[in-house]
2 protein chains.
Amino acid sequence: MTTFCYAYPRPAVATDIVILSLDDGALRLLLVRRGADPFGDWWALPGGFLQETEDLDACARRETEEETGVRPGRILQFANFSHPDRDPRGRVISVAYLALVRAGEVRLQAGTDAAEADWRTFSEVGTLAFDHGDILAAALSRLATEVRADPGFLLPLLPPAFTLARLQAAYEATIGRPVDKRNFRKLVEESGSLRALDDFERGPHRPARLYAPR
Amino acid sequence: MTTFCYAYPRPAVATDIVILSLDDGALRLLLVRRGADPFGDWWALPGGFLQETEDLDACARRETEEETGVRPGRILQFANFSHPDRDPRGRVISVAYLALVRAGEVRLQAGTDAAEADWRTFSEVGTLAFDHGDILAAALSRLATEVRADPGFLLPLLPPAFTLARLQAAYEATIGRPVDKRNFRKLVEESGSLRALDDFERGPHRPARLYAPR
DNA sequence: AGTAGAATGTGTAGTTTTCACACTAACAGT
DNA sequence: ACTGTTAGTGTGAAAACTACACATTCTACT
């Protein structure tokens, strides 16, 4: 077995990714159930160790794809977690990322360290392994900040064509309060990040125009 | 000589700190001149490797104090720099911090790896070692964002008592454009982060009221 | 065919916030 | 006392934001 030796102690460096998806109007979080101790059988954020030839963004992308089968369009590095005792196995620095993925494209894959993977709404999330609860809280706070600055941040959650009502529902789910329909439409139309399609979603109501990211 | 061995390769983890001070109305950046290769004799950001028992914030605080003698009130972790080839000596992840310190309290100390330390205005900053130019650019961008959100972010730059004119000058230096005096005063007074003192700064003009952080 | 139900889509007025702008006040130095 | 210098103060116009109500258009059912 090869080993890697250094003159000074080095922490392991990992990325942990808060992967959110929108299903049935509610935000869902991808969790994996740990297969081994510490925290065996606990639910945790997906993530993994940085490899020698990749940078942190590449690591987060790779882990996201390994866990969900989705290649996320944009990922956001939002904090580091570095308390010396945050992992009982030894020193691990975690670089935390936020990724938004489309529910329809997700293929869950139980990974190497993960016995099981599942989507959970926030109310179904219990106590997580390590300090992953803190990471999740920080992610949601950051998400709300980003979304308030630009509702278009949410676009990766939605399918290629969607109604404004669905975008508004995602917006309300992330900032935590309802907004006026007309004001919201004005906001996103003026932001210029959407393109109106000529298709409509039909149902037992007036057809709703479909939009796509510009 | 002891060595530290692991089953997988690990990057070294360091913090690099963009330490800003306000001198004579202009922002200045603390740089150290490197004593050894790579980039021997180049100017670089102060920084250093994470120690085993400290978290990243503590590392950044320790390095700041070692270089300036100042214990910064608040430090801001704003990005990671992790390109595999960013340091020719090997894999080094840099966690970048921003620290604002009071000019009056600074005692420059040439550190272990630093042959020399000095404050530079931005126009005097040439090409920096490693990717420190990128780090600096990211820091200034983040600083402008923070300051626009709350001018009180700048308070650590100023002495314990200061005039509104000096705060305004610092504000203008960071966001890069002048602002109206009356509007600025209204802004900071309403923000509630200042306390009006009963002292005045005197000079060949009407005395200027002094303020302190609340 | 007619009707009920359900969600879409649209304009405006009141309020708040932002921005631009000019003069008087008080001191130090001569 | 006179001059130069910076401090300190209020208002009106424009823009941005917020709240709010009703007609439209489809499906499904009777």
Side-chain angles (χ1 to χ4, degrees), chain A residues 22 24-26 144-154 158-159 161-212, chain B residues 22 24-26 144-155 158-212:
Chain A
L22 189 64
D24 206 16
T145 302
E146 294 289 329
V147 166
R148 257 186 287 264
D150 174 20
F153 188 82
L154 293 173
L158 297 169
F162 51 87
T163 65
L164 287 186
R166 281 184 76 71
L167 178 57
Q168 180 174 349
Y171 182 78
E172 290 172 339
T174 54
I175 69 168
R177 66 187 155 78
V179 295
D180 180 84
K181 180 167 46 160
R182 279 169 288 193
N183 294 340
F184 181 76
R185 295 168 106 84
K186 215 183 306 174
L187 180 68
V188 299
E189 281 165 8
E190 284 168 5
S191 82
S193 55
L194 295 191
R195 193 161 44 92
L197 303 179
D198 290 329
D199 284 339
F200 293 82
E201 183 182 86
R202 308 170 70 82
H205 50 75
R206 176 172 174 177
R209 181 173 289 276
L210 291 171
Y211 291 81
Chain B
L22 189 65
D24 206 17
T145 302
E146 293 290 329
V147 166
R148 258 186 287 263
D150 174 19
F153 188 81
L154 293 172
L155 291 177
L158 297 168
F162 51 87
T163 66
L164 287 185
R166 282 184 75 71
L167 178 57
Q168 180 175 349
Y171 181 78
E172 290 173 339
T174 54
I175 69 168
R177 66 187 155 76
V179 296
D180 180 86
K181 178 167 50 160
R182 278 170 288 194
N183 293 339
F184 180 76
R185 293 167 106 86
K186 215 182 305 174
L187 181 67
V188 298
E189 280 165 10
E190 283 169 5
S191 81
S193 55
L194 295 191
R195 194 161 43 93
L197 303 179
D198 289 329
D199 284 340
F200 293 83
E201 184 183 85
R202 308 169 70 81
H205 52 75
R206 176 170 173 178
R209 168 155 247 125
L210 292 171
Y211 291 81

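Within every chain, numbering begins at 1; the chains are lettered A, B, ... in the order of the sequence lines, protein sequences first and strands thereafter. Just so it is clear, the model here is predicted, and its values are computed rather than measured.
A/R209 comes within 4.0 angstrom of sugar-phosphate atoms only, judged by non-hydrogen atoms across all strands, and of no base.
The separation between A/Y211 atom OH and C/dT8 atom P is 11 Å, rounded to whole Å. C/dT8 atom P lies 14 Å from atom CG of A/D180, rounded to whole Å. As rounded to whole Å, 13 Å separates atom C1' of D/dT18 from atom CG of A/L187. For A/R202 and C/dG5, the CZ to C1' distance is 17 Å, given to the nearest whole Å. Rounded to whole angstrom, the span from the CZ atom of B/R206 across to the P atom of C/dA26 amounts to 6 Å. Regarding B/E201, its CD atom lies at a distance of 18 Å from the P atom of C/dA26, rounded to whole Å. Remark: C1' of D/dT6 and CZ of B/R166 are 14 Å apart, rounded to the nearest angstrom. One atom, CZ of A/F184, and another, P of D/dA16, lie 19 Å apart when rounded to the nearest Å.
The closest side-chain heavy-atom distance from B/L194 to B/L167 is below 4.5 Å. Looking only at side-chain heavy atoms (C-beta outward), A/D198 and A/R209 come within less than 4.5 Å of each other. Residues B/L164 and B/K181 form no side-chain contact, since every pair of their non-hydrogen atoms from C-beta on lies 4.5 Å or further apart. Side-chain contact between B/Q168 and B/E172 is present, with heavy atoms from C-beta onward closer than 4.5 Å.
Along DNA chain D, the nucleotide closest to B/G203 and the one closest to B/E189 are compared, and the more 5′ of them pairs with B/G203. Judged by closest nucleotide on DNA chain C, A/P207 is the one of A/P207 and A/N183 placed further toward the 5' end. Comparing B/K186 and B/T163 by the nucleotide of DNA chain D that holds the closest heavy atom to each, the one mapping nearer the 5' end is B/T163.
A pairwise comparison of heavy atoms in B/Y171 and B/L187 identifies OH-CD2, 4.5 Å as the closest pair.
Looking at the side chain of A/K181, the nearest of the listed nucleotides C/dC21, D/dG8, C/dT10 is C/dT10. The side chain of B/A208 lies closest to D/dA7, out of C/dT10, D/dT24, D/dA7.
With hydrogens and angles ignored, a donor-acceptor pair under 3.5 angstrom links the side chain of A/R182 to the base of D/dA21.
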